[in-house]
Amino acid sequence: MSINIKTPEEIEKMRIAGRLASEVLDYIAPFVKAGITTGELDKLCHDYMVNEQGCVPAPLNYAPSGYSPYPKSICTSINHQVCHGVPGEKALKNGDIVNLDITVIKDGFHGDTSRMFIVGDASIQAKRLCEVTFECMWIGINQIRPGGYLGDIGAAIQKYAEGKGYSVVREFCGHGIGRNFHEDPQVLHYGRPATGPRLEAGMIFTVEPMINAGKAAIRELPDGWTIVTKDRSLSAQWEHTVLVTETGFEVLTVSAGSRSQPALAA
Ligand code: MF3
Ligand code: CO
Ligand code: CO
């Protein structure tokens, strides 16, 4: 595993890409209402990225080995969908929870971020899952410091999530990011403290826990992309792109509409 250290110039470009990705979520937030289809959300985000931001939507035609090219510009994962939900004709309905995952390329660099949205009035259980998952992401991010271990992130997330009675998805993880969408290292959202590579200033990776209300097992739908929970329990995810700094961390996917970190994780 070789984790590349970004130069100051690359870091500045990653700050810009990160802000732009987060601004797509700010832009789309008011449209996330009962009745809109995920295909319409995709089209709105696509046009905003391309025409307003001068960005390339990284998911469109993205084809890691073993996968068919991803057909849309964003991921929309509803209720028991874990991640990589492919936008289509399905309309959002009252009580749904939906993750919108945005990755832009600006000036050759990627910014990757996702948030949960609650459509109308969701159940207490659905809202709690979204909140605990947000806390999981921040508890993981707060482990990040130079000299620390990559494994500290997943260990902290797993402990917190399982303590709340939830489970952590194993098959998908955070990732290094820069000129490539997915680079080393893999950032697991479970594991043991003081394991894995040591963190160094200039590393950039995502923290993006997928947390299930039921069991951890997942399966892939026949579309070759959409991942769902095997037991059809609800799943939630939040994602930030984060820089390791000399003193700790800097979240790169921030914009006017980003939520600040919860008090308990600070
Ligand atoms: N944005 C996702 C991530 O956080 C990856 C989506 S790949 C796609 O890593 F092709 F489905 F868009
Ligand atoms: Co990611
Ligand atoms: Co993402």
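By convention here, the first residue in the shown sequence is residue 1. Indexing begins at 1, ligand by ligand and atom by atom, following the structure's order. From a predicted model like this one, the values you see are computed outputs, not experimental measurements.
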- [ ] Would you check whether Phe181 reaches within less than 4.0 Å of ligand 1, judged by its heavy atoms?
- [x] yes
Open item on the list: Below 4.0 Å from ligand 1: does a non-hydrogen atom of Thr206 turn up there or not?
Closed with: no
Proximal atoms of ligand 1 relative to [X] (non-hydrogen, under 4.0 Å):
X      : result
Thr103 : 1 (N)
Glu239 : 4 (O)
Trp225 : 8 (C), 10 (F), 11 (F)
Glu208 : 3 (C), 4 (O), 9 (O)
Asp112 : 1 (N), 3 (C), 4 (O), 9 (O)

Task: Residue portion contacting ligand 1 (non-hydrogen atoms closer than 4.0 Å) for Ala58 - done: neither
When you measure from [atom] to every protein heavy atom, which one gives the shortest distance, and what is it?
atom                    : value
atom 9 (O) of ligand 1  : His182 NE2, 2.8 Å
atom 7 (S) of ligand 1  : Tyr62 CD2, 3.9 Å
atom 12 (F) of ligand 1 : Pro59 CB, 3.1 Å
atom 2 (C) of ligand 1  : Asp101 OD2, 3.3 Å

For [X] and [Y], which I'm curious about, is there any donor-acceptor pair between the side chains at under 3.5 Å?
X      : Y      : result
Glu239 : Asn99  : no
Asp26  : Ser255 : yes
Asp112 : Thr241 : no

Side-chain ion pair, [X] and [Y], N-O less than 4.0 Å:
X      : Y      : result
Glu9   : Lys13  : no
Lys6   : Glu183 : yes
Glu131 : Arg259 : yes

TODO: Answer yes or no for His182: is there an N/O/S atom below the 2.8 Å cut-off from the Co ion (ligand 2)?
DONE: no
Task: Ring geometry between Tyr62 and His182 (parallel below 30°, tilted from 30 to 60°, perpendicular above 60°) - done: tilted
Task: Nearest atoms (heavy-atom pairs only) where Ile177 meets Met14 - done: O-CE, 3.7 Å
Task: Non-hydrogen atoms of Lys93 and Val119 that approach each other most closely - done: O-CG1, 3.4 Å
Open item on the list: For the 3.5 Å polar cut-off, considering only N or O atoms, please tell me whether His84 and ligand 1 meet it.
Closed with: no
[X]: its N/O/S atom lying closest to the Co ion (ligand 2) (atom name):
X      : result
Glu208 : OE2
Glu239 : OE2
Asp112 : OD2

Open item on the list: Are His84 and Phe172, when compared by the centres of their aromatic rings, separated by less than 6.0 Å?
Closed with: yes
- [ ] Take Tyr160 and Glu135 through the test side chain to side chain donor-acceptor pair (under 3.5 Å) and record every step on the way to the result.
- [x] CA-CA 9 Å; Tyr160 189 73; Glu135 291 165 359; 2.4 Å; yes
